[in-house]
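This is a predicted model, so every value here is computed, not measured. The chain is numbered in sequence order, starting from 1.
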Amino acid sequence: MELKPWARITDSQLFLKSCFLTIYHYKGDLEMCPAWWHLKEFYVLVRRMAQEAKSEKPAE
């Protein structure tokens, strides 16, 4: 899965684990945490892919 042109996620479980651990240990404002931004981008991408897959599914 390609998050950005320069960022490809090959193991989503590892990506999520890394993001959550980084967020857990981040000492500043959550909105300033890069892992938080990556997690939000990942959510948007997964949601978009699910909607596209649903719209491509032929009607029964």
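Between H38 and L3, the shortest heavy-atom distance links the atoms O-CD2, 4.4 Å.
L30 and L16 fall within the same hydrophobic cluster, defined by Ile, Leu, Val, Met, Phe, Trp and Tyr side-chain heavy atoms under 4.5 Å apart, directly or through other members. Hydrophobic clustering places M1 together with F15 (ILVMFWY residues linked when any side-chain heavy atoms are closer than 4.5 Å, directly or through intermediates). Under the 4.5 Å side-chain heavy-atom criterion for Ile, Leu, Val, Met, Phe, Trp and Tyr, I9 and L21 are members of distinct hydrophobic clusters.
Hydrophobic cluster of Y43: the remaining members, joined at side-chain heavy-atom separations below 4.5 Å, are V44, listed by chain and number. M32 belongs to a hydrophobic cluster whose remaining members, ordered by chain and number, are Y26; membership requires side-chain heavy atoms of ILVMFWY residues under 4.5 Å apart, directly or through intermediates.
Contacts classified as salt bridge (charged side-chain N to carboxylate O under 4.0 Å, His left out) and involving residues 12-28 (residues at least two apart or in different chains) are not found.
Remark: K4 engages W6, A7, E41 in a side-chain contact (heavy atoms from CB on, under 4.5 Å) (not counting sequence neighbours). Residues meeting the side-chain contact (heavy atoms from CB on, under 4.5 Å) test with K40, sequence neighbours left out: E31, W36. Residues meeting the side-chain hydrogen bond (donor to acceptor under 3.5 Å, both in side chains) test with E2, sequence neighbours left out: R8.
Of the possible donor and acceptor atoms, none in the side chain of S18 sits under 3.5 Å from a partner among the backbone N and O of L14.
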